[in-house]
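Reviewing the structure listed below.
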2 protein chains.
Amino acid sequence: MIHEGERNQSAFILAEGWACSFKQLADGERQIVDVQIPGDFLGLRSILFRTADHSSEALTRIEASEVLAADIFDSFAEAPRLATAVLWAASRDEAMVVEHLVNLGRRSAEMRMAHFLLELSTRLHLVGIGDRTGFDCPLTQFHLADALGLSAVHVNRVLRHLREEGLVTFQKGHVAFDDFFGLVALSGFNTDYLDQDGPLLR
Amino acid sequence: MIHEGERNQSAFILAEGWACSFKQLADGERQIVDVQIPGDFLGLRSILFRTADHSSEALTRIEASEVLAADIFDSFAEAPRLATAVLWAASRDEAMVVEHLVNLGRRSAEMRMAHFLLELSTRLHLVGIGDRTGFDCPLTQFHLADALGLSAVHVNRVLRHLREEGLVTFQKGHVAFDDFFGLVALSGFNTDYLDQDGPLLR
DNA sequence: CGTTCGTTTGAGAAACCTCAAGGTCTGTGG
DNA sequence: CCACAGACCTTGAGGTTTCTCAAACGAACG
């Protein structure tokens, strides 16, 4: 959908399915920057920049509406509030990346996993998918490894440990929260960076 | 200047000096998200969100001009291109955070350090400070540790090793590149995410 | 019925951390 | 001028986390 280094890319709004954005390193390693779920903007940075600085990939079959760069810029002239709204969306995106940065920089593997699953759950809940008991998740352990800066082997051990501790069970594409608040306590998860109730439109 | 959790914060444009934005964890650990140098926007996210999701701190004596949220939003109505420019600035900001994320997730301590110093050098050069031989830098090893997700002790060892390898010398507030291209090769540094030559204004 | 993809487990190694102790430099008050 | 405090840097020793390599297992699929 979006390829790092290519020019004149489009942005999309994801209507159905999951995708992820990532950066690939020269040695073949990759870092997943964010996961997109229905309702999310996809590739906004790649239209503002001449060349895309990241890649995107579908994780499931997806439905998305293309958003042309020209349409966005034109709309700013007609509806300034829309500019504020788009800026807000970009900022919320950045806030999530920042939280992921904190995750990688200052939390242990288990805290990272707990935090990641809780963020996903919260975001999915906002668009009406899943609940506090769990959610369906198409990510493999390899995806989790690339997102959390871990090896796939270690991801497996971390998941086993969280399961044995009675906190969360991630098997066969389903995340089941066995102790939601235990997970929150473990990870130090705080929804402030997600719970913004929309752009300030005066 | 900006405090996580507080409301109705202002944004600034840094005219002189250095600052950094960071997030503090419950256990006292902190993660530096980004360093701001002259010319950088500071706290844009904290005016779009009702409450600031991060804190900022001055690293030197600084001079900055306050930018009122209302002024920004009002200007969108009068000059739609300004909206595009601000959105572009926010996106460049995000691109840097993304690159830091890759740094923490997929690079070794030495590559992180090399990448970080090269990014700083490149950004400083863009505003006319420092050159390929080095630059003055007010960051302590504690700051580097908080930025790179390492312990201060390990930062010290990494710096020593890079110095012994003849790559870079960071002492007494000055970074001296002993082998600029060796550092670039080590870190896999690529300026694409910084070199955007300004917003696309048609 | 073999292949592929994802998961699971073990064993040993590497990277990084914590604790602890000194060292250097700078500013400050006596 | 000297003693002292505080901030920062440096080094050692030992411990923990996470990685790599290797092997095997199960489910899905042609």
Side-chain angles (χ1 to χ4, degrees), chain A residues 18 20 25 27-32 57-61 103-117 136-165 168-176 186-187, chain B residues 18 20 25 27-32 57-61 103-117 136-165 168-176 186-187:
Chain A
W18 294 46
C20 70
L25 271 69
D27 60 2
E29 296 252 61
R30 74 171 190 170
Q31 175 65 46
I32 292 181
E57 159 185 304
L59 296 171
T60 66
R61 222 166 51 80
N103 225 8
L104 294 199
R106 289 295 174 212
R107 285 196 259 254
S108 69
E110 292 193 3
M111 292 170 78
R112 284 184 216 176
M113 178 68 74
H115 191 280
F116 182 78
L117 295 177
D136 290 326
C137 178
L139 298 170
T140 68
Q141 293 184 356
F142 287 92
H143 288 124
L144 293 173
D146 285 341
L148 300 177
L150 301 169
S151 69
V153 171
H154 199 57
V155 162
N156 184 279
R157 289 190 228 273
V158 166
L159 284 176
R160 171 161 55 125
H161 191 233
L162 290 176
R163 191 180 339 120
E164 287 170 357
E165 293 284 307
V168 61
T169 305
F170 186 170
Q171 273 171 339
K172 296 178 180 277
H174 186 79
V175 175
L186 168 67
S187 64
Chain B
W18 293 47
C20 71
L25 270 70
D27 59 4
E29 295 251 62
R30 74 171 190 170
Q31 175 66 45
I32 291 181
E57 160 184 303
L59 297 171
T60 65
R61 223 167 50 81
N103 225 7
L104 293 199
R106 287 297 175 214
R107 284 196 259 253
S108 68
E110 294 194 1
M111 293 171 76
R112 282 183 218 177
M113 180 67 75
H115 191 281
F116 182 76
L117 295 178
D136 291 327
C137 178
L139 298 170
T140 68
Q141 294 185 356
F142 287 92
H143 289 124
L144 292 173
D146 285 342
L148 300 177
L150 300 170
S151 68
V153 171
H154 200 57
V155 162
N156 184 281
R157 290 190 228 274
V158 166
L159 284 177
R160 170 159 59 123
H161 191 234
L162 290 175
R163 189 179 342 119
E164 287 169 356
E165 294 282 309
V168 62
T169 306
F170 187 167
Q171 274 170 339
K172 296 180 178 274
H174 186 79
V175 176
L186 167 68
S187 64

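No experiment lies behind these values; they were computed from the predicted model shown.
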**Item:** Given C/dT7, C/dC16, C/dA20, the nucleotide with the shortest approach to the side chain of B/Ser108
**Value:** C/dC16
**Request:** Nearest whole angstrom, please: distance from the P of C/dT7 to the CE of A/Met113.
**Result:** 11 Å
**Message:** Within the 4.0 Å heavy-atom criterion, would you say A/Gly173 contacts the bases, only the backbone, or no part of the nucleic acid?
**Reply:** nothing
**Request:** Give A/Ser151 one of three labels, base, sugar-phosphate or nothing, depending on what nucleic acid heavy atoms sit under 4.0 Å from its own.
**Result:** base
**Asked** Within this structure, what is the CD-to-C1' distance between A/Glu164 and C/dT9, rounded to whole angstrom?
**Response** 12 Å
**Prompt:** Can you check whether B/Ser187 reaches B/Phe116 side chain to side chain, under 4.5 Å on heavy atoms?
**Reply:** no
**Request:** Please tell me which of the listed nucleotides, C/dC17, D/dT10, D/dT18, lies nearest to the side chain of A/Ala109?
**Result:** D/dT18
**Request:** Could you grab the distance from atom CD of B/Gln171 to atom CZ of B/Arg163, nearest 0.5 Å is fine?
**Result:** 4.5 Å
**Request:** Taking only the side-chain nitrogens and oxygens of A/Gln171, find out if one of them lies under 4.0 Å from OP1 or OP2 of C/dT8.
**Result:** yes
**Request:** List the atom of A/Thr60, the atom of A/Trp18, and the distance in Å for their closest heavy-atom pair.
**Result:** OG1-N, 2.9 Å
**Request:** Could you please name the option among D/dT10, C/dT7, D/dC9 that lies closest to any side-chain atom of A/Gln141?
**Result:** C/dT7
**Prompt:** Which atom names give the shortest non-hydrogen contact between B/Leu104 and B/Gly149, and what distance separates them?
**Reply:** CD2-N, 4.1 Å
**Request:** Please tell me which of the listed nucleotides, D/dT18, C/dC17, C/dT8, lies nearest to the side chain of B/Arg157?
**Result:** C/dC17
**Item:** Length of the line joining B/Leu159:CG and D/dT10:P, which is rounded to integer Å
**Value:** 8 Å
**Request:** Consider the side chain of A/Leu150, meaning its heavy atoms from C-beta on, and name the nucleotide among C/dT9, C/dC17, D/dT18 that approaches it most closely.
**Result:** D/dT18
**Item:** Selection from D/dT10, C/dT8, D/dC8 that lies nearest to any side-chain heavy atom of B/Arg163
**Value:** D/dT10
**Request:** By nearest nucleotide on DNA chain C, pick out whichever of A/Leu139 and A/Arg106 is the more 5' one.
**Result:** A/Leu139
**Request:** Under 4.0 Å between any heavy atoms, over every strand shown, what does A/Ala152 touch: base, sugar-phosphate, or nothing? Just pick one.
**Result:** nothing
**Request:** State which of C/dC16, C/dT9, D/dT10 makes the closest approach to the side chain of A/Asn156.
**Result:** C/dT9
**Message:** Nearest to the A/Thr140 side chain among D/dC8, C/dC16, C/dT7, which nucleotide is it?
**Reply:** C/dT7
**Request:** Nearest whole angstrom, please: distance from the P of C/dC16 to the CG of B/Leu144.
**Result:** 15 Å
**Request:** Let me know the distance between CG of B/Asp146 and C1' of D/dC8, rounded to the nearest Å.
**Result:** 14 Å
**Asked** Between B/Glu29 (CD) and C/dC16 (P), how many Å, whole number?
**Response** 16 Å
**Message:** Could you tell me how far apart B/Leu148 (CG) and C/dC16 (C1') are, to the nearest whole angstrom?
**Reply:** 13 Å
**Asked** Tell me, do B/Leu162 and B/Leu186 make a side-chain contact under 4.5 Å, heavy atoms counted?
**Response** yes
**Request:** For B/Arg160, answer base if it contacts any base atom (sugar-phosphate contacts may also be present), sugar-phosphate if it contacts only those atoms, and nothing otherwise; contact means non-hydrogen atoms under 4.0 Å.
**Result:** sugar-phosphate
**Complete:** B/His154 NE2 to D/dC9 C1', in whole Å, measures 16 Å
**Message:** Measuring from atom CE of B/Met113 to atom CG of B/Leu159, what distance do you get when rounded to the nearest 0.5 angstrom?
**Reply:** 4.0 Å
